[in-house]
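Letters A, B, ... mirror the listed sequences (proteins, then strands); counts begin at 1. This is a predicted model, so every value here is computed, not measured.
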Number of protein chains: 4
Amino acid sequence: MDKKNKILEASLELFGKKGYFETDIESIAKRADVGKGTIYLYFKNKKDLFISTINYALNNCNEEILKSVEKVDTPSLKVERYMETFFNIMLGNVSKIKFFTMNNINSNNQISDFSKNIDKKIVIKRFQILKDIIEEGIEKKEFKDFNSEIMTMMIVGLIHMEISRVIFFETQIDQKRIKYLKDNVIKILSKE
Amino acid sequence: MDKKNKILEASLELFGKKGYFETDIESIAKRADVGKGTIYLYFKNKKDLFISTINYALNNCNEEILKSVEKVDTPSLKVERYMETFFNIMLGNVSKIKFFTMNNINSNNQISDFSKNIDKKIVIKRFQILKDIIEEGIEKKEFKDFNSEIMTMMIVGLIHMEISRVIFFETQIDQKRIKYLKDNVIKILSKE
Amino acid sequence: MDKKNKILEASLELFGKKGYFETDIESIAKRADVGKGTIYLYFKNKKDLFISTINYALNNCNEEILKSVEKVDTPSLKVERYMETFFNIMLGNVSKIKFFTMNNINSNNQISDFSKNIDKKIVIKRFQILKDIIEEGIEKKEFKDFNSEIMTMMIVGLIHMEISRVIFFETQIDQKRIKYLKDNVIKILSKE
Amino acid sequence: MDKKNKILEASLELFGKKGYFETDIESIAKRADVGKGTIYLYFKNKKDLFISTINYALNNCNEEILKSVEKVDTPSLKVERYMETFFNIMLGNVSKIKFFTMNNINSNNQISDFSKNIDKKIVIKRFQILKDIIEEGIEKKEFKDFNSEIMTMMIVGLIHMEISRVIFFETQIDQKRIKYLKDNVIKILSKE
DNA sequence: CATGAATGAGCGTTCATTCAT
DNA sequence: GATGAATGAACGCTCATTCAT
């Protein structure tokens with residue numbers, strides 16, 4: 001792995017675990033096993049590194065989700081896979097949780113600064129994947145004819161709420177709970 | 001207004017606008033028109049002030065929502081009022097937006113520290129208000145028999161997604177958009 | 001006891017225990033059971049209070065020593081009483097220790113400021129009491145004909161060294177140790 | 001001179017002149033001609049710097065005294081050299097005075113904290129040098145058979161008293177005064 | 001390319017002092 | 001006289017960024 005990627009992986013872990021402001025460059029350098037100055041060879045400054053890290057993480061996640069949903073056929077199964085993969089990425093890699101809630105971004109007066117630099121296409125893509133599935137389900141008469149945009153936002157919103165709940169109440173999210181969430185979403189979506 | 005409340009209002013505005021780490025005590029003091037030292041007469045330290053501010057904001061919001069939904073009769077209208085009030089609080093007071101997304105809380109490695117001190121009852125209350133409405137609607141056969149917990153999380157999640165969208169894409173949220181969201185939620189909930 | 005004396009007693013205890021800079025006006029006010037503002041009715045500022053406290057303490061000490069040495073007849077017994085009383089004041093009132101070592105005074109760039117205001121006569125008096133005793137002993141041929149000024153400084157110096165030793169090494173000073181010190185001083189002073 | 005030593009020298013001067021609490025890190029940095037942050041590369045915090053400075057100063061002083069007493073032969077001359085060097089270090093370097101009186105240490109409620117960290121061996125060494133000389137003098141029948149521990153404390157105590165006197169009364173200490181003190185001490189010590 | 005020693009702006013917090021009651 | 005709420009100057013320490021090697 002080249003130095004740039006080592007830095008991104010270290011950033012992902014540390015920004016994810018401790019947030020933007022409580023992560024310092026020195027600890028990223030140490031974790032990535034490079035010199036502090038080296039980071040500034042690949043990234044303009046801390047903010048640039050942060051944004052790059054988010055894009056890197058979101059991209060990885062989208063790819064994983066896409067690969068997962070492609071393995072099944074029906075829209076229902078695809079929705080289940082979408083939710084499942086989303087949760088599992090988080091279960092397996094706590095450090096990534098934060099990036100999917102946009103928390104770090106907002107807790108900053110340079111919202112627009114950050115927003116301008118985060119690749120909007122990647123975020124949109126994450127929604128689009130689910131929206132496409134839902135529209136396919138509606139077309140195939142497998143899902144009720146709900147507004148697909150709204151339904152997408154509600155499902156992604158549900159996932160975010162669940163993550164917030166887990167963090168906030170310090171509970172656990174297990175496979176049983178994931179199944180419970182999936183089943184109810186499918187029930188809401190499905191005709192009959 | 002006494003000094004303590006002036007400080008809380010200033011904190012609400014600044015923490016809301018700029019987040020925990022980029023808001024400094026001095027600017028809160030200036031905005032509240034009190035001395036920097038005065039803040040420390042009423043709050044133990046910055047974190048204590050932050051947590052107090054969140055509790056203060058969430059409480060205010062819950063009260064406003066409750067008052068609003070009590071004015072109408074049917075569950076459908078109540079859901080609409082809930083969403084509407086939620087959005088309007090934010091439209092009218094951008095500074096409060098952040099607190100409802102828990103963003104500030106998470107962007108910190110002391111998540112549990114903060115979480116422990118935020119009055120969980122207030123957060124739960126916000127969900128409970130909507131859950132009660134939905135269960136009333138189901139009982140009265142006005143709403144479909146969906147899982148009320150999941151449906152609550154999905155609707156609150158939808159609101160959060162919309163707020164994130166507005167912040168992230170720097171768009172506007174107007175009454176037309178709010179109506180669009182409400183109508184679609186009601187359509188999803190309603191029998192027939 | 002009037003308020004001024006209550007404040008002086010509280011100051012003596014706290015300045016003695018914690019030193020000038022780590023003692024705050026608020027805690028003195030609390031200990032003296034008066035309002036913080038009240039202190040400023042009787043003393044111009046913190047420094048003035050400190051100096052007044054030192055003078056108060058040194059005066060008390062001189063009086064106690066004088067009373068004690070007057071009770072015995074021979075110079076040897078008087079020297080013993082001087083040393084003994086000095087140590088016992090400290091044993092019985094740890095808080096006073098500091099003032100006799102001038103420590104607090106020196107740890108300040110306003111040495112001269114402080115020095116100018118501490119009643120030099122009181123400090124001189126403390127030495128003079130012992131010097132008079134030694135000169136009496138020499139005159140009465142009880143003591144060797146050493147320089148009385150030097151011998152006085154050496155004995156007071158010995159006491160200070162012992163106090164420093166006790167504080168620094170956190171040991172105890174007991175009656176046996178005091179007897180040991182006295183006996184050796186008398187041996188040094190005495191003819192035969 | 002490397003940065004660490006430049007910082008120690010600046011600390012020695014400023015802590016010595018103004019005491020622990022009235023010396024601020026910024027002024028040490030300025031005097032040492034380094035950045036404020038640089039100090040924290042070499043010392044954990046202000047207290048650590050202070051303790052390191054004391055140990056540094058005491059060590060230097062011990063070495064200077066040792067070198068000086070070794071140049072002469074008889075115990076009497078060695079005692080004179082000890083006193084002389086002690087005073088001259090202070091005459092030539094006012095800033096060091098304070099450290100030899102332990103003043104700074106005591107003016108703090110964290111006495112034990114500080115005491116624990118100051119190298120006791122260095123302080124003991126300073127006494128031991130003189131005690132060894134006195135015992136040598138006694139053995140060689142040059143000095144009276146006084147208790148060497150007490151005599152050591154009295155002579156070091158005398159030096160401290162003289163220093164305190166100089167600081168307190170803002171007088172001068174000149175070679176004539178030093179000779180006067182030495183002569184009288186030798187007279188007290190000597191047989192015949 | 002890579003490093004890490006050096007920097008100094010910036011911030012949370014304390015506390016002596018004031019003054020309206 | 002007596003009070004204590006209010007103030008803001010001052011200081012220890014952190015950390016993003018630079019630059020000589």
Side-chain angles (χ1 to χ4, degrees), chain A residues 2-4 6-7 20-30 32-50, chain B residues 2-4 6-7 20-30 32-50, chain C residues 2-4 6-7 20-30 32-50, chain D residues 2-4 6-7 20-30 32-50:
Chain A
D2 65 358
K3 295 208 184 237
K4 187 169 181 177
K6 272 164 73 180
I7 293 166
Y20 181 75
F21 291 100
E22 302 223 332
T23 300
D24 57 289
I25 294 292
E26 173 124 36
S27 64
I28 291 174
K30 257 183 198 136
D33 200 34
V34 299
K36 221 189 319 179
T38 310
I39 291 176
Y40 288 85
L41 293 178
Y42 295 102
F43 303 94
K44 215 172 74 245
N45 51 31
K46 190 184 181 187
K47 205 195 290 182
D48 179 33
L49 170 59
F50 183 65
Chain B
D2 67 358
K3 303 224 175 214
K4 187 171 181 178
K6 272 163 74 179
I7 294 166
Y20 181 75
F21 291 100
E22 299 225 332
T23 300
D24 61 290
I25 293 292
E26 175 128 35
S27 64
I28 291 175
K30 259 181 198 138
D33 199 34
V34 299
K36 220 193 314 183
T38 308
I39 290 175
Y40 289 86
L41 291 179
Y42 296 102
F43 303 94
K44 217 169 72 247
N45 51 32
K46 191 184 181 186
K47 202 197 289 182
D48 180 33
L49 171 59
F50 182 65
Chain C
D2 67 358
K3 295 207 183 236
K4 186 170 181 178
K6 274 163 71 179
I7 293 167
Y20 181 74
F21 291 100
E22 300 223 332
T23 299
D24 59 289
I25 293 291
E26 174 124 35
S27 63
I28 292 175
K30 257 182 198 137
D33 200 33
V34 300
K36 221 190 316 183
T38 309
I39 291 175
Y40 288 85
L41 292 178
Y42 295 102
F43 304 93
K44 215 170 75 244
N45 51 32
K46 191 185 180 185
K47 204 196 291 182
D48 179 33
L49 170 60
F50 182 65
Chain D
D2 68 357
K3 302 226 175 213
K4 187 171 180 177
K6 272 164 74 180
I7 293 166
Y20 181 75
F21 291 101
E22 300 226 332
T23 300
D24 60 289
I25 295 292
E26 176 129 33
S27 63
I28 291 175
K30 259 181 198 138
D33 199 34
V34 300
K36 218 193 317 183
T38 308
I39 290 176
Y40 290 87
L41 291 179
Y42 296 102
F43 303 93
K44 219 170 70 248
N45 51 33
K46 190 184 180 186
K47 203 196 288 184
D48 180 33
L49 171 59
F50 182 65

Which value, rounded to the nearest 0.5 Å, describes the distance between Leu49(C) atom CG and Ile28(C) atom CD1?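 So the CG of Leu49(C) and the CD1 of Ile28(C) are separated by 5.0 Å.
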
Between NZ of Lys4(D) and CG of Asp2(D), what distance do you get to the nearest 0.5 Å? 8.5 Å

So what does Thr23(D) touch, heavy atoms closer than 4.0 Å: a base, only the sugar-phosphate, or nothing? sugar-phosphate

Ranges pairing with ranges for DNA chain F, where each run has three or more Watson-Crick or G-U pairs under 3.5 Å: E:2-21 with F:2-21

Please list, chain by chain and in numerical order, all residues satisfying salt bridge (Lys or Arg N to Asp or Glu O under 4.0 Å) with Lys6(A), sequence neighbours excluded. none

Could you state the atom-to-atom distance from [atom1] of [X] to [atom2] of [N] in whole Å?
X        : N       : atom1 : atom2 : result
Ile25(D) : dT7(E)  : CD1   : P     : 14 Å
Glu26(B) : dG10(E) : CD    : P     : 12 Å
Lys30(A) : dG4(E)  : NZ    : P     : 10 Å
Asp24(C) : dT13(E) : CG    : C1'   : 14 Å

Taking all non-hydrogen atoms of both residues, which atom of Thr23(B) and which atom of Lys46(B) are closest, and how far apart?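 Reported closest heavy-atom pair: O-NZ, 3.0 Å.
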
Check every nucleotide of DNA chain F for an atom under 4.0 Å from a heavy-atom of chain B, then give the first and the last such nucleotide from 5' to 3'. dA5(F) to dA10(F)

Going by heavy atoms closer than 4.0 Å, what residues in residues 35-46 of chain D are next to DNA chain E?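 Correct list: Gly35(D), Lys36(D), Gly37(D), Thr38(D), Leu41(D), Tyr42(D).
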
List, one per line, each side-chain donor-acceptor pair under 3.5 Å for residues 32-45 of chain B, sequence neighbours excluded.
residue  : atom : partner  : partner atom : Å
Thr38(B) : OG1  : Gly35(B) : O            : 3.3
Asn45(B) : OD1  : Lys47(B) : N            : 3.3
Asn45(B) : OD1  : Asp48(B) : N            : 2.9

Candidates dG12(E), dC15(E), dA2(E) - which lies nearest the side chain of Lys3(A):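 Output: dA2(E).
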
